[in-house]
There are 2 protein chains.
Amino acid sequence: MSTRQRILDTALDSFGTDGVDGTSLDALARTLGLRKQSILYYYPSKAALFEAVVDEAAARFAEALDEVVIDATDVWEQVEGTVRVVFRMATQRPALLGLLREASRPGSSVAVQLTGRLAGHIDAARHSLEIALKEGRVAGEDARLLLFSLYSTIMGVATEVEVLRAMGVEPSLRTLAQRRAELLRFLRAALNPSTERSFAAS
Amino acid sequence: MSTRQRILDTALDSFGTDGVDGTSLDALARTLGLRKQSILYYYPSKAALFEAVVDEAAARFAEALDEVVIDATDVWEQVEGTVRVVFRMATQRPALLGLLREASRPGSSVAVQLTGRLAGHIDAARHSLEIALKEGRVAGEDARLLLFSLYSTIMGVATEVEVLRAMGVEPSLRTLAQRRAELLRFLRAALNPSTERSFAAS
DNA sequence: GTCGGGCTCTACCAATTGGTAGGGGAGACG
DNA sequence: CGTCTCCCCTACCAATTGGTAGAGCCCGAC
């Protein structure tokens, strides 16, 4: 792999795990077996490197989601596929999800950039949600807000490991399957159109 | 307000907004109209200050949740109340939620501390969920995982402002009410016990 | 008055930060 | 051979980092 790509990869892991502010170019170079100046040769500044890393992460995320969108024939399959993709990432490359979290922090400088790269997928998802809503195949009022709720749930369940611990569940491969099953059940119930308004308080 | 408390408050806002690594003691002191050494007089190190801030945030969060738990007579009211509390914080003190997010980052040194402080509330919530599950009043398999899903959804919807923007919704007071209504509808549907397994794929 | 504790300050410090300037080696190509 | 480009390096920099040492000030108690 080219040095340029190695830097990008290592930076993604480090930024996604320790945060951008928590990662120094020196430390990054050390784990790469390089000097900091070699990093600055490829990327003129730390900010530029971060932007490149965000682009890389967005590209990988989009790429993984593409499989889902292509195969899926309806909304529920898309949700299921997205959960599959996100959970795969959570085990194989948690730093990638951490980086998305880092880049989408309120007030982040790269938030616009990140969301721009994923705009196509977001639009597609919103569109199929809109259709499904109109046809009464899923429950909800606003496709955008529904998509937002779905995203929050999936990403939260996939990444909030410490919260999971707080609930008394130690993260492991065995509990991961359970978590996924429970998440899918949760989402399926939330999208189920047949029961709107049938569950009143108390 | 005492200087000690002022430091704690300002640090909470700064840590919650810019992150711990993104906040220097010098900058913090500057916004306080003090020298950094005055901060270090009250808190012997930045790490100690962070721990104190985490405790403070946990206490405020717990305090706000207490109102909910006291009033609530059933699970759904607790969920509704929690959403109310979290959304109030999201508008009145977003940095507090930001700090919870910061403190619960995977691998965070203060994660144990934070979750310890909230253990009582977590246990109580899990307990009432367990009872409701047993009595068939809510849908689900595992109370802990269900609580985890609920938390992820609520916190995500309340804090992921940039994602919301990506969905095409500009955060404002007007859309906030919509977001909350849609979130409540989403959660209500997800918890609804009457429809388990009635929504198959396709 | 003066003593002492609580509080904030000035003065420093070594280490680390992101970044600049430029040297040198190795291979491609004339 | 020369030289040009690509790549990684050493050397250096000013600014900032968290943290130490200790002086001075205010104020209430004795």
Side-chain angles (χ1 to χ4, degrees), chain A residues 1-57 95 98-99 102-103 105 107-111 113-114, chain B residues 1-57 95 98-99 102-103 105 107-111 113-114:
Chain A
M1 187 165 38
S2 73
T3 303
R4 187 184 202 90
Q5 190 62 37
R6 282 212 312 133
I7 294 174
L8 210 53
D9 262 35
T10 312
L12 197 159
D13 285 328
S14 196
F15 286 169
T17 308
D18 306 325
V20 179
D21 288 329
T23 301
S24 74
L25 293 183
D26 277 306
L28 201 56
R30 214 174 307 129
T31 76
L32 278 161
L34 291 176
R35 310 289 150 231
K36 157 179 58 177
Q37 285 70 18
S38 302
I39 296 177
L40 290 167
Y41 169 76
Y42 291 98
Y43 303 94
S45 70
K46 194 186 182 182
L49 173 59
F50 184 38
E51 287 175 21
V53 165
V54 168
D55 273 349
E56 170 82 0
L99 191 108
E102 175 93 2
R105 255 170 64 159
S108 159
S109 60
V110 295
Q113 179 193 346
L114 173 64
Chain B
M1 190 164 38
S2 73
T3 304
R4 186 184 202 92
Q5 190 62 37
R6 283 211 311 132
I7 294 174
L8 209 54
D9 262 36
T10 312
L12 196 159
D13 285 328
S14 194
F15 286 168
T17 309
D18 306 325
V20 179
D21 288 328
T23 301
S24 74
L25 293 184
D26 277 306
L28 201 56
R30 214 175 305 128
T31 76
L32 278 162
L34 291 176
R35 308 292 149 230
K36 157 178 57 177
Q37 285 70 16
S38 301
I39 297 177
L40 289 167
Y41 170 76
Y42 292 97
Y43 303 95
S45 71
K46 195 186 184 183
L49 173 60
F50 184 38
E51 287 176 21
V53 165
V54 168
D55 273 349
E56 170 82 0
L99 190 108
E102 174 92 4
R105 257 170 63 160
S108 159
S109 60
V110 294
Q113 180 192 346
L114 173 64

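Note on naming: letters A, B, ... go to the chains in the order of the sequence lines (proteins, then strands), and numbering restarts at 1 for each one.
Residue B:Asp21 comes nearest to A:Gly22 through the heavy atom pair OD2-CA, 3.5 Å, listed as atom of the first residue, atom of the second, then distance.
Atom CD1 in B:Ile7 sits about 10 Å away from atom P in C:dC7, given to the nearest Å. If you measure from atom OH of A:Tyr41 to atom C1' of C:dG23, you get 15 Å, rounded to the nearest angstrom.
Residue A:Thr23 is classed as a sugar-phosphate contact, given heavy-atom separations below 4.0 Å to backbone atoms only.
Side-chain contact between B:Leu25 and B:Leu49: present, with at least one pair of heavy atoms (C-beta onward) separated by less than 4.5 Å. Looking at B:Asp13 and B:Thr31, their side chains never come closer than 4.5 Å, going by heavy atoms from C-beta outward. Between B:Asp9 and B:Glu56, some side-chain heavy-atom pair lies under the 4.5 Å cut-off.
No side-chain donor-acceptor contact under 3.5 Å links B:Thr17 to the backbone of B:Ser14. Although no hydrogens or angles enter the test, the distance criterion places no donor-acceptor pair under 3.5 Å between the side chain of B:Gln113 and the main chain of B:Val54. Judged purely by atom type and a 3.5 angstrom limit, A:Lys36 has no side-chain atom pairing as donor or acceptor with the backbone of A:Ser24. Formation of a donor-acceptor pair under 3.5 Å by the B:Ser108 side chain with backbone atoms of B:Ala103 is found in this model.
Mapping B:Ala27 and A:Thr3 onto DNA chain D by nearest heavy atom places A:Thr3 at the nucleotide closer to the 5' end.
Note that the first and last nucleotides of DNA chain D, 5' to 3', having any atom under 4.0 angstrom from a heavy atom of chain A are D:dC6 to D:dA11.
For residues 29-40 of chain B, proximity to DNA chain D is found at B:Lys36, B:Gln37, B:Leu40, defined as any non-hydrogen atom under 4.0 angstrom from a strand atom.
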Chi angles and distances behind the side-chain contact (heavy atoms from CB on, under 4.5 Å) call for B:Val53, B:Val20: CA-CA 11 Å; B:Val53 165; B:Val20 179; over 6 Å; no

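Both the sub-6.0 Å distance and the 45° axial angle are satisfied by A:Arg4 relative to the ring of A:Tyr43.
Summary for the helix from C:dG1-D:dC30 to C:dG30-D:dC1: the axes at its two ends, each from 5 pairs, differ by 20° when rounded to the nearest 10 degrees.
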